[in-house]
Amino acid sequence: MAILALVDCNSFYASCEQVFRPDLLGRAVVVLSNNDGCVVARSREAKALGIAMGEPWFQVRLRLDGARPVSALSSNYALYADMSNRVMRLLARFAPRQEVYSIDECFLDLTGLADPSAIAHGIRATVPRWTGLPVCVGLGPTKTLAKLANRLAKQDADGDGVCDLATLSEVDLDRRLAEIPVGDIWGVGPRIAARLTALGVTTALALKQADSAWLRTHFSVVLARTALELRGVPCLDVEDVTPDKQQIQCSRSFGMPVTTFETLGEAVTTYVARAAEKLRAQQSEAGMVSVMIRTNLFRSDEPQYSNSLVLPLREPAADTRRLARTARHGLRRLYRPGFRYAKAGVALLALSPAGERQGDLFGDPGRRDRGERLMAVMDRINRSYGRGTLVLGGAGLNKPWAMRQSIRSPHYTTRWDELAVVRC
DNA sequence: TCTGGGGTCCTAGGACCC
DNA sequence: TCTGGGGTCCTAGGACCC
């Protein structure tokens with residue numbers, strides 16, 4: 001039998017902030033989404049105040065009305081990404097195979113190892129000691145059960161942070177599954193949970209026992225697989241090599257309403273540049289570019305406009321200038337004056353490995369090579385001296401439309417001039 | 001005044017082919 | 001009265017995840 005571990009950092013973003021701000025330990029801490037919009041991470045104390053995941057921060061403030069102190073921070077992705085790398089590198093030591101599933105969690109394949117439970121406890125003890133970040137570990141014979149075990153480990157406040165569903169007898173496992181709402185299962189979202197519940201499938205146990213063919217006809221093969229995984233039949237592999245992205249997006253809400261074509265163009269150019277960096281980092285080229293703009297959907301008192309467009313390229317490209325030119329063509333067709341725009345975004349689609357392209361009969365290969373060398377130099381400079389050191393002129397310089405991050409912590413671990421200072 | 005961003009997979013239906 | 005059968009590819013939309 002396979003034994004998989006799911007290791008997940010507790011309140012990851014909030015915990016990262018607390019590592020460098022020990023004064024925030026034991027306090028209600030929330031981390032906000034881009035533009036300081038919504039709550040995306042909460043310390044245990046913040047959860048206890050009833051602050052919901054995804055709740056708009058201005059509503060939280062209105063509701064709590066200053067009666068309870070809450071420390072809010074803008075998100076600091078440079079910090080979280082760096083801390084994530086530390087955790088993942090450390091966790092890789094515990095198993096021959098690791099799948100990094102998200103910024104704060106990974107699967108480890110412990111199949112065949114001597115004492116998985118002891119390893120789980122070792123992880124639970126070692127990660128906070130080495131990185132300052134608390135983790136919980138779930139063990140199970142399939143990914144879905146390991147996920148579930150992790151959830152149970154986190155829910156059990158008095159537990160030791162490890163939950164092992166792999167060594168449970170069938171009877172004991174079913175007893176636990178009977179107490180878990182079906183919506184708590186990985187892969188069962190709110191829509192499907194509501195439909196399942198209406199049909200009488202309300203618990204994890206009921207889903208496990210549901211007929212496979214019935215699930216396929218009334219729902220999909222995805223849900224049928226989830227049910228099989230609950231039965232201990234692995235349907236999802238641990239993928240230890242990260243596949244290349246099939247699409248790369250970059251979109252942001254503006255820090256202030258934007259009305260002019262020129263300003264939207266600056267934003268779109270900026271986002272294309274960011275997406276194209278990621279594209280070149282995985283050595284791909286894009287065959288299509290999509291552009292999207294929209295007004296503020298929450299303003300019922302303002303005229304609304306939302307539109308997007310997909311533009312094919314004559315020949316796949318990874319050159320920021322070419323992609324930006326195409327995106328601006330798209331923007332020109334999308335733009336309508338007289339609206340207050342709140343958000344723009346671009347996506348690079350139809351990605352293929354660089355160098356496998358079909359040539360353009362009318363293209364200029366020499367020009368193309370020069371472009372590739374220029375992009376390589378640009379990426380190198382921006383890697384060495386920081387993102388945004390070398391940019392296209394069309395991206396704008398002041399960027400008054402850029403997102404708000406009024407309460408961002410320093411880049412403690414990734415910038416020399418912002419290093420954390422420890423006084424002993 | 002204030003409401004995030006970036007992904008994946010599956011399915012149904014239409015276009016098209018022989 | 002009666003109007004084939006089987007297949008592929010693409011896309012939009014819906015659902016999910018963190």
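So you know, we letter chains A, B, ... as the sequences are listed, proteins then strands, and number each from 1.
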- Query: Counting only Watson-Crick or G-U wobble pairs whose two distances fall under 3.5 Å, which nucleotide matches B:dC18?
  - Reply: C:dG5
In whole Å, I'd like the distance from the [atom1] atom of [X] to the [atom2] atom of [N].
X: A:Asn296; N: B:dC2; atom1: CG; atom2: P; value: 6 Å
X: A:Arg408; N: B:dG4; atom1: CZ; atom2: P; value: 20 Å
X: A:Met288; N: C:dT11; atom1: CE; atom2: C1'; value: 10 Å
X: A:Tyr101; N: C:dC18; atom1: OH; atom2: P; value: 5 Å
X: A:Met53; N: B:dG5; atom1: CE; atom2: C1'; value: 12 Å
X: A:Asn35; N: B:dT1; atom1: CG; atom2: P; value: 17 Å
X: A:Arg191; N: B:dT11; atom1: CZ; atom2: C1'; value: 16 Å
X: A:Asn76; N: B:dG5; atom1: CG; atom2: P; value: 17 Å

- Want to settle it: does A:Ile248 or A:Val222 sit nearer the 5' end of DNA chain B, counting the closest nucleotide to each?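 Its nucleotide being nearer the 5' end, the pick is A:Ile248.
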- Assert: residue with more 5' nearest nucleotide on DNA chain B, out of A:Lys278 and A:Tyr77, is A:Tyr77
Check [Y] with [X], please: is the shortest side-chain N to carboxylate O separation under 4.0 Å?
X: A:Arg383; Y: A:Asp379; value: no
X: A:Arg97; Y: A:Asp240; value: yes
X: A:Glu55; Y: A:Arg63; value: yes
X: A:Lys147; Y: A:Glu229; value: no

- Query: Got a second to check how far A:Arg387's CZ is from A:Arg274's CZ, nearest 0.5 Å?
  - Reply: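 Answer rounded to 0.5 Å: 3.5 Å.
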Classify the nucleic acid contact of [X] as base, sugar-phosphate or nothing, counting any heavy atom under 4.0 Å across all strands shown.
X: A:Gln246; value: sugar-phosphate
X: A:Asn34; value: sugar-phosphate
X: A:Leu32; value: nothing
X: A:Leu223; value: nothing
X: A:Trp186; value: sugar-phosphate
X: A:Arg225; value: sugar-phosphate
X: A:Asp36; value: nothing

Minimum-distance nucleotide (side-chain atoms of [X] versus [options]):
X: A:Pro190; options: C:dC16, C:dC18, B:dG4; result: C:dC16
X: A:Ile192; options: C:dC18, C:dC16, B:dG6; result: C:dC16
X: A:Lys343; options: B:dT3, B:dG6, B:dG5; result: B:dG5
X: A:Ser102; options: C:dC18, B:dC10, B:dG4; result: C:dC18

- Aromatic plane relationship, A:Tyr13 with A:Tyr77 - under 30° parallel, 30 to 60° tilted, over 60° perpendicular: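 Perpendicular: the ring planes of A:Tyr77 and A:Tyr13 meet at over 60°.
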- Message: Say we look at B:dT3 and C:dC18: how far apart would their P atoms be, to the nearest angstrom?
- Response: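 It comes out at 25 Å once rounded to the nearest Å.
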Can you find a side chain N or O atom of [X] that sits less than 4.0 Å from OP1 or OP2 on [N]?
X: A:Arg299; N: B:dT3; answer: no
X: A:Arg252; N: B:dG6; answer: yes
X: A:Lys245; N: B:dT8; answer: no
X: A:Ser251; N: B:dG4; answer: no

- Note on the structure: The side-chain contact (heavy atoms from CB on, under 4.5 Å) partner of A:Arg124 among A:Val162, A:Asp160, A:Ile119, A:Val7 is A:Val162
